[in-house]
Structure formats: C-alpha cells, structure tokens
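Working notes, beginning with the structure itself.
The figures here come from the full heavy-atom set of this structure, side chains too, leaving out hydrogens, waters and symmetry mates. Because the structure is predicted, anything quoted here is derived from the model rather than measured.
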Amino acid sequence: MKALRFYAAKDLRIEEIDDIPQPGPGQVAIKNKYVGICGTDLHEYVAGPIFVPVEPHPFTKAQAPQVLGHEFSGEVTAVGEGVTHVKPGDRVSVQPLVMPRSGDYFADRGLFHLSEDLALVGLSWMSGGMAEAAIVNDYNAVKIPDNMSWEEGALVEPTAVAVYACERGEVTAGDSVLVTGAGPIGMLAMLSAKAYGATKIFLSDVNETRLKMAKEILPEVITFNPMKDDVVAEIRARTEGGVGCDKVIEASGNEAALNTGLQAVRKQGTIVQVGLHTKDSKLHWHDVTFKDVDVRGAWAYPTSYWPKVIDLIASGAIPAEKVVTRKIVLDEAVTEGFDALLDASGEHVKILIDVSK
C-alpha cells in the first residue's frame, strides 16, 4: 500500500510499503479516509526526530521510518478476537493515544494520556493515518454518526486538544477569553470557547491573513496583531472594570505571547498553556504571584473525550470543518501540504489529506 513515512528531518518519503496484517486480538483494521497534518508532524519534518523514536519505543517497539498521521478517520475492514464495539463497515474516528491499560500509575487512575509509556498512532506505533490503511487497538477506534463527514472525523483529534484546553481553563458562560496563536489549535480553541459559553473572545497573532480567516470563521471574534496593537490595553478597555480577561489559552508556544497573556488576564484569572514551547521560555513569576493567577498545562486530552467531542462537532456546536483551508491527495502531501503550511504567508490553517484516492 502507499504511505508517507518519516525517515529524518526534511526526509519524508511517499512509498509502497507492506499491507497491514490481519488484526490480532483486541485490534481493528481500518481503511483510512482523511488525515490532517498536525503541528507536531510539521515539527518532526523540520527538526525531527522529536516524538518519532530512533530506538524501539519501550512500549510499542515502533521506530523510524514511521508512517505519520494521528488525526484521521476511516472505515473498519476487519476486527480481531474480542472486539465487539465496532464491526466491518463502521465509520470511525481514531483516538491515537496508545499506552498500558493497567499496571501504570496513571493508567490505573484512568489518566491514560499521562502514562510514562505513552505512544501515538502515527508517531510511535506500527501504523499511521498517512497511509491507505492502519491497524489500531480497539480503544483507538470510536464510531462516528452518519451525519458526520469523513473530514469531520479527522478533525476530532485537534478539536479534542482545544476542548481540553477550555476545560483546563474552566471556560464557562459569560467568560472573556484571549486565545494567543491563530493556528489550527488556536482557531479550534476560539470555536470551543464559544461553544462553552464565552461571550467575549479575543484572538492575537502576528499573521494578518490568519486573523482575517478567524473573522470569517467567527465574525464576533475581536482580533489583534501584537506587532501593531497594544493587546493588553485593548483587552482591558473591553472588559468589565478594565481588569482584563477571565481566561487565556496560549496556543502558539511563543514566550512573548505567554507573557502578553499574563499581562492581559485579570487577577485570579487562569492561563492555559496548550501550545508546545520548543525552547525554555521565561515567565514573569512576580506577576503570577502578584496577580494571584493560575497557570496550567494542557497535555493532549483524556482518552474518554472522543464521544463528547464527536457530539460537539456533529451537532454543529463546534463547526470544526471551518478551519480547513485545503484538501489534497497523498502524492501531494509534502509539497502542497507540509511545505504549504510552513510558508510564512500563513495562507493555510488546516490541510487534510484524502488518502483514499
């Protein structure tokens, strides 16, 4: 079958590889449909290996070359012994986290996403979404309703990241929320904050093209470019008592954005760091203390989120497909996908690959 595999930084290869085997006990075989290119995939392409193991992964034994793609949907073609919740012909979205199901401190407490042996389909597993087919564990395959498109099924994973960021920040009805970073997660966090009841949503980014896209996706969002605007002053002028916003979701992984969020949030507000910082970043800890704020990380998502996020998308509460700016086929993945997303013009937010063509 055809697949895109990561070998090393700037070395992605579209090649023919062996077909997937028959699923073993507790496994599900999937004919892949759509897969998204994630920021994590871009980091691997530019500077990897980061999450792709060079030596065999301690739990999954996977290593480079690795089929990429952890945001994907597909049709079940076969199931292994003991699998009862899906059957051939079912349409599924893949929850890509792979980990011990017991015997691990966090797994035993239901916090599977925090397992020390965590692996991901498409980064450190035998299969990935950027291929014609994949093998996953039974708990990785979650049925989607008939009214959900294949494209939406591939967007459940990044939407789950955004939903978890909102829940870590306890975003609730009437909140004012600043999202820093207008990439896919930032855009989806903006939509998730709206779904969770935020009535005033701010978005900051240095890319004017993406700010314009954000207004098209959510017309009521108030956008700022920190290269031109005094983000902190503008937010304080638009919040009750001029004290700042209730919550900040930092989705850029940028030190300046994190500190802007700290200045923009009100006293006893909450900052959620969801964007991955690729290097050490300084935070003004005096202000953290003086303002009595919470600073929280948001790593991935609880694996139990899939049904909830599927419902949020399928119901229209989070119109995730609005962030898609291009659809391509696998043969175009490197030049029209990865390279296009790295273009400084920022013309694209989320690119989906149709791997069924």
Side-chain angles (χ1 to χ4, degrees), residues 1-6 12 14 30-45 67-75 91-96 120-123 127-134 136 140-142 144-163 182-192 209-210 213-214 216-217 251 301 306 309-310 312-314 316 318-343 345-357:
M1 65 178 180
K2 186 184 293 185
L4 183 149
R5 292 204 290 182
F6 170 91
L12 302 182
I14 298 170
I30 298 172
K31 180 181 179 182
N32 298 337
K33 295 295 185 179
Y34 274 91
V35 59
I37 301 174
C38 175
T40 304
D41 299 321
L42 293 176
H43 285 312
E44 294 291 337
Y45 178 47
V67 177
L68 292 182
H70 58 277
E71 308 174 350
F72 66 108
S73 62
E75 180 182 340
R91 305 164 70 247
V92 296
S93 170
V94 172
Q95 181 286 106
L120 279 88
V121 176
L123 284 171
S127 290
M130 294 184 192
E132 293 179 282
V136 300
N140 296 122
V142 184
I144 59 175
D146 292 341
N147 69 323
M148 175 174 265
S149 67
W150 293 118
E151 293 93 331
E152 289 174 322
L155 292 167
V156 175
E157 199 278 344
T159 305
V161 173
V163 166
I185 299 303
M187 296 283 200
L188 289 167
M190 172 185 76
L191 292 173
S192 299
T209 302
R210 288 192 169 182
M213 290 180 192
E216 294 170 354
I217 293 170
Y301 35 73
W306 244 243
V309 177
I310 287 170
L312 283 166
I313 295 174
I318 299 180
E321 200 168 352
K322 287 187 175 183
V323 307
V324 177
T325 52
R326 174 183 280 179
K327 299 176 189 178
I328 59 176
V329 296
L330 193 57
D331 285 334
E332 303 171 320
V334 179
T335 57
E336 300 302 313
F338 283 79
D339 290 339
L341 286 168
L342 291 169
D343 190 319
S345 66
E347 292 183 3
H348 292 286
V349 177
K350 174 60 69 177
I351 294 178
L352 296 182
I353 304 169
D354 184 345
V355 289
S356 66
K357 293 183 180 179

Margin query: Looking at every heavy atom in both Ser149 and Glu321, which two are closest together, and how far apart are they?
Written below: OG-OE1, 3.6 Å
Check: Is there any salt bridge (charged side-chain N to carboxylate O under 4.0 Å, His left out) pair reaching into residues 150-161, and which pairs are they, with sequence neighbours excluded?
Finding: Glu151-Lys327
Note to self: What I'd like to find out is whether the side chain of Ile313 reaches to under 4.5 Å of the side chain of Val156, using heavy atoms alone.
What the structure shows: yes
Next item on the list: Could you check if a side-chain atom of Leu68 sits within less than 4.5 angstrom of a side-chain atom of Phe338, using non-hydrogen atoms only?
Entry: yes
Note to self: So Glu132 and Val355, do their side chains get closer than 4.5 Å, heavy atoms only?
What the structure shows: no
Item checked: Side-chain heavy atoms of Val136 within contact of Ser127, under 4.5 Å -> no
Notebook entry, point to check: Below 4.5 Å, heavy atoms only, C-beta onward: do Tyr45 and Leu342 meet side chain to side chain?
Noted result: yes
Next item on the list: Report the residues that fulfil salt bridge (Lys or Arg N to Asp or Glu O under 4.0 Å) with Asp339, sequence neighbours left out, ordered by chain and then residue number.
Entry: none
Note to self: Just to verify, what does Thr325 make a side chain to side chain donor-acceptor pair (under 3.5 Å) with, not counting sequence neighbours?
What the structure shows: His348
Next item on the list: Apply side chain to side chain donor-acceptor pair (under 3.5 Å) to Thr335 and list each qualifying residue two or more places apart in sequence or on a separate chain.
Entry: none
Checklist line | Partners meeting side chain to side chain donor-acceptor pair (under 3.5 Å) with Glu75 (sequence neighbours left out) | finding: none
Check: Which atoms form the tightest heavy-atom contact between Val349 and Pro184, and what is the distance?
Finding: O-CG, 3.1 Å
Note to self: Once side chain to side chain donor-acceptor pair (under 3.5 Å) is applied, do any residues pair with Ser192, and if so which ones, sequence neighbours excluded?
What the structure shows: none
Item checked: Non-hydrogen side-chain atoms of Leu341 and Asp41 separated by less than 4.5 Å -> no
Note to self: Give me the atom names and distance for the closest heavy-atom approach of Ala3 to Val67.
What the structure shows: CB-CG2, 4.2 Å
